[in-house]
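Letters A, B, ... are given to chains in the order of the sequence lines, protein chains preceding strands, and every chain is numbered from 1. This one's a predicted model, so the numbers in the text were calculated from it and none came from an experiment.
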Amino acid sequence: MDAITKDLTVAQAEAVQHIDGPLLIIAGPGSGKTRVVTHRIAHMLQSGIRPWQIAALTFTNKAADEMRSRVDLLAPNQPVWMGTFHRFCAQQLRRYAPMVGLAENYSIYDSSDSKSAMKRAIAAAGVSTSHTSPEQITSAISNAKNRLITPEIMAQQTGRAGDTVAAKVYPVYQQQLLTANAVDFDDLLFHFARLLRENPEVRSNLDEKLKYIMVDEYQDTNLAQYAIVRALSVDHPNLAVTGDPDQSVYGWRGADLNNILDFEKDYPSVKTVRLEQNYRSTPEILRVADQLIRHNRRRKQKKLFTDNPTGEAVTLRQYESGYKEADGIADEIDNQMIAGNAEPRDFAIMCRMNALTRSIEHALRNRGIPYQIVNGLEFYQRKEIKDLLAYLHLINNPRHDVALHRVINTPTRGIGAKTLERIQRFADDHRIPMLEATRRVDEIDSLSKRAKTLVTSFVRLYDRLAVKATATLEDMLRFLIEEIKFVAYLERTTPEQQDNNPIANVDEFISAAVEFDQMHPEDGSLEAFLEQVALVSDTDAFEDSNNRVTLMTMHAAKGLEFPRVFIIAVEDNLLPHRRSKEDETQLEEERRLLFVGVTRAEQWLQISYAKLRSFRGENQPAIPSMFLGELPRDEMQVVEVKGSRNFFDDAYDDEYPDSWDLVQEPAAVTDTGPAGQTEVADGPRIIPMTDQSAIPDVYHDDVPPPKKKKPKVSIQAELKTASDLLQSGATPLGAYREGSTVRHDEYGEGTIIALTGKGPKRTAKIQFEETEETFRLAFAKIELVER
DNA sequence: GTAGCCTGTTTTTTT
DNA sequence: AACAGGCTAC
């Protein structure tokens with residue numbers, strides 16, 4: 001036992017000490033997987049393996065950064081390659097670009113670049129999109145690439161009608177990418193996998209160089225990634241993969257669970273280590289996770305257990321509406337912080353889709369609770385930033401057609417759609433990039449004299465900019481902004497809204513460039529900068545150094561952990577998502593997604609759903625998710641809004657009716673009982689939670705529901721908003737004055753020494769005997785002591 | 001050719 | 001609600 005293995009469990013040490021030969025680590029949530037991986041790298045280095053012989057592949061930059069910093073603690077400054085699959089491929093492709101038909105300075109299209117390229121490819125291919133959509137075509141082509149299917153093969157395959165159209169667009173799109181010297185995200189994997197397959201000497205060289213390959217989240221690999229990893233582990237099959245089939249949530253991106261399930265078949269000599277003990281969560285949380293995931297059929301049974309001390313019961317809470325949910329959660333966070341044992345960074349709020357963070361965001365902002373959204377509006381997706389990036393892209397790669405399209409008339413310089421169309425035609429006819437076509441503008445007869453002049457002056461501008469290609473990013477950017485009068489352009493085109501400030505964003509962008517310059521002082525770093533920007537996601541922007549509440553999707557939350565977690569909007573059509581309900585496989589993936597969410601929590605967890613949810617602008621009745629019926633409700637704290645039905649009563653038999661109209665009029669149910677109730681065909685027997693002995697509370701949907709009563713809420717169900725408290729609170733806030741004496745259950749008597757803020761934000765600084773504390777009056781558990 | 005208005009649509013998840 | 005694409009008035 002040495003320093004590196006001494007704090008490990010037997011199973012963990014077993015994995016860490018395995019160096020040569022294939023290794024499969026099946027690691028449940030919170031089982032110390034990252035610890036094992038990082039310790040293993042340190043152990044390998046200690047055993048004399050050279051750092052450059054090791055490559056560790058992850059799916060996100062954040063995971064790679066985390067790994068890097070933890071390895072650094074054990075073995076500082078070792079040049080072990082750690083990074084994402086996409087970055088790995090991008091770097092390798094730089095070296096071998098010509099072998100796949102690219103130049104070394106190729107560009108990486110982000111999704112919006114691909115989208116516009118795809119639109120043009122669809123137009124150029126001349127296919128009818130009446131029975132399909134650009135999205136479907138994009139997705140079909142993406143799937144093909146993930147499965148290593150070339151345009152030629154796809155054309156031979158007989159598939160669905162939509163795929164036939166996609167098969168026609170695919171070669172055109174691919175040709176356009178090559179002309180533009182560009183790749184999309186899928187191409188990074190696709191090109192590299194083909195490169196390895198078609199060039200045995202390249203493959204064996206890399207296999208020889210990278211003797212030890214590690215793959216994190218192996219359950220999320222698709223066929224292209226699988227092919228890459230396998231190709232690099234032929235002569236030196238020292239492939240170590242970690243993963244958890246129960247956490248596979250990227251099937252929609254082509255991830256193939258068989259890669260991990262069949263790993264033992266691929267490598268019969270594999271050593272398999274199972275890490276099942278959970279060190280993260282309370283038994284209560286783990287139990288919820290376990291009960292839930294048991295409902296998946298296609299799964300290897302696995303026991304999840306922990307020795308962690310007992311904690312609080314997991315809460316399952318119903319809200320009247322999405323807004324109430326947001327308010328309730330914000331209040332709960334406030335309360336838990338005031339109670340003194342939590343701070344903003346302890347909380348995460350997770351949801352199925354980004355759009356759901358909006359109301360939460362609002363509620364948190366109202367209360368002045370600091371928060372960060374992982375994957376909100378992506379910085380590099382903002383218009384003004386994309387504009388500048390497009391110029392940089394075009395400077396780096398003059399063949400970047402998408403960039404040229406964006407840039408040629410931004411700021412507006414009189415080159416309109418017609419002109420552009422004619423240039424495009426010329427470019428297509430001659431199979432040359434757009435910029436090349438603009439240089440030969442004199443040959444384009446259809447253009448007016450005026451148009452030719454304008455285009456020529458754009459070309460001159462471009463040439464002035466291109467001179468700066470080797471300058472520092474900062475110089476280049478400042479020169480560019482000045483040259484195109486970008487600030488003036490933004491000023492005259494930005495409406496009077498305060499919300500987004502494009503000029504500030506431009507400044508922030510310059511700062512990012514300056515920072516990059518400092519980190520890459522040597523060569524012209526433009527290409528590296530653009531690659532970096534293309535391959536970072538905002539998931540990576542998550543900073544745990546900030547003391548903020550984190551809002552994120554469950555996808556983005558994978559690999560993270562938080563002391564206190566809220567999972568919101570666990571409702572039918574949201575989770576499971578509408579589009580995932582058709583087949584069992586997708587449904588199980590949705591269940592795994594919730595499983596991932598649940599297992600992020602360390603000490604405290606609330607799962608919630610609402611009766612009403614606003615979606616695309618309007619309020620719609622929401623139906624609780626079927627997954628909620630799969631949780632161990634009798635071990636949880638279940639809080640429902642009074643007057644609502646109890647979905648999880650014994651009568652609830654796993655299958656919910658197709659038309660669950662019942663819930664759509666929640667106000668219909670009163671606590672007076674059976675008024676207006678009739679039977680609903682096929683509906684489950686519904687019993688209000690407040691009175692389980694009542695006559696089944698069902699009614700016919702064409703009987704007008706009883707007039708809405710002010711919904712009464714059981715005491716524990718009541719989630720007071722600040723204004724509720726202000727209106728109904730025992731002590732009016734105005735009664736608190738500086739100098740007032742108050743009593744607090746925990747701190748005893750104290751004196752108010754300062755008062756600030758208004759309404760719900762009214763805050764008092766109170767000097768107690770022992771300490772000085774600051775409370776929001778609306779929430780604080782204090783009472784005024786009359787003197 | 002451009003700006004601004006209007007209308008119809010909406011992949012959820014991410015490298 | 002947010003946005004892209006189309007249309008109209010300048």
Value in whole Å for how far the [atom2] atom of [N] lies from [atom1] of [X]:
X: A:L93; N: B:dT15; atom1: CG; atom2: P; value: 19 Å
X: A:Q219; N: B:dT13; atom1: CD; atom2: P; value: 20 Å
X: A:D216; N: B:dT15; atom1: CG; atom2: P; value: 14 Å
X: A:H577; N: B:dT10; atom1: NE2; atom2: P; value: 14 Å
X: A:N143; N: B:dT14; atom1: CG; atom2: C1'; value: 14 Å
X: A:L593; N: B:dT12; atom1: CG; atom2: P; value: 14 Å
X: A:F185; N: B:dT15; atom1: CZ; atom2: C1'; value: 5 Å
X: A:E421; N: B:dG1; atom1: CD; atom2: C1'; value: 14 Å

Test item: side-chain donor near acceptor, A:H295 and A:E588, under 3.5 Å = no
Short side-chain donor-acceptor distance under 3.5 Å, A:Y391 and A:R406 = no
query = Can A:W252 be called stacked on B:dT13 when the rule is centres closer than 5.5 Å and an angle between planes below 30°?
reply = yes
Is any side-chain N or O of [X] closer than 4.0 Å to OP1 or OP2 of [N]?
X: A:N354; N: B:dT14; answer: yes
X: A:H555; N: B:dT13; answer: no
X: A:T60; N: B:dT15; answer: no
X: A:R616; N: B:dT12; answer: yes
X: A:R450; N: B:dG1; answer: no
X: A:T412; N: B:dA3; answer: yes
X: A:N222; N: B:dT15; answer: no
X: A:T419; N: B:dG1; answer: yes
X: A:K558; N: B:dT13; answer: no

inquiry  = By nearest atom, which of the nucleotides C:dA2, B:dT2, B:dT14 is closest to the A:Y250 side chain?
reply    = B:dT14
request  = Describe, in one word, how the ring planes of A:H400 and A:H393 are oriented to each other, choosing from parallel (under 30°), tilted (30 to 60°) and perpendicular (over 60°).
outcome  = tilted
request  = Indicate the ring-plane relationship of A:F88 and A:W81, choosing parallel, tilted or perpendicular according to the 30° and 60° boundaries.
outcome  = perpendicular
ask   = Mapping A:A451 and A:D186 to their closest nucleotides on DNA chain B, which lands nearer the 5' end?
value = A:A451
ask   = Given that A:S133 and A:N409 both sit by DNA chain B, which one's nearest nucleotide is further toward the 5' end?
value = A:N409
inquiry  = More than 12 heavy atoms of other residues, nucleotides or ligands under 6.0 Å from CZ of A:R413: yes or no?
reply    = yes
request  = Report yes if a donor N or O on one partner sits less than 3.5 Å from an acceptor N or O on the other, where the partners are the side chain of A:R352 and the base of B:dT12; otherwise report no.
outcome  = yes
ask   = Do A:E325 and A:R613 meet the salt-bridge criterion of a basic N to acidic O distance under 4.0 Å?
value = yes
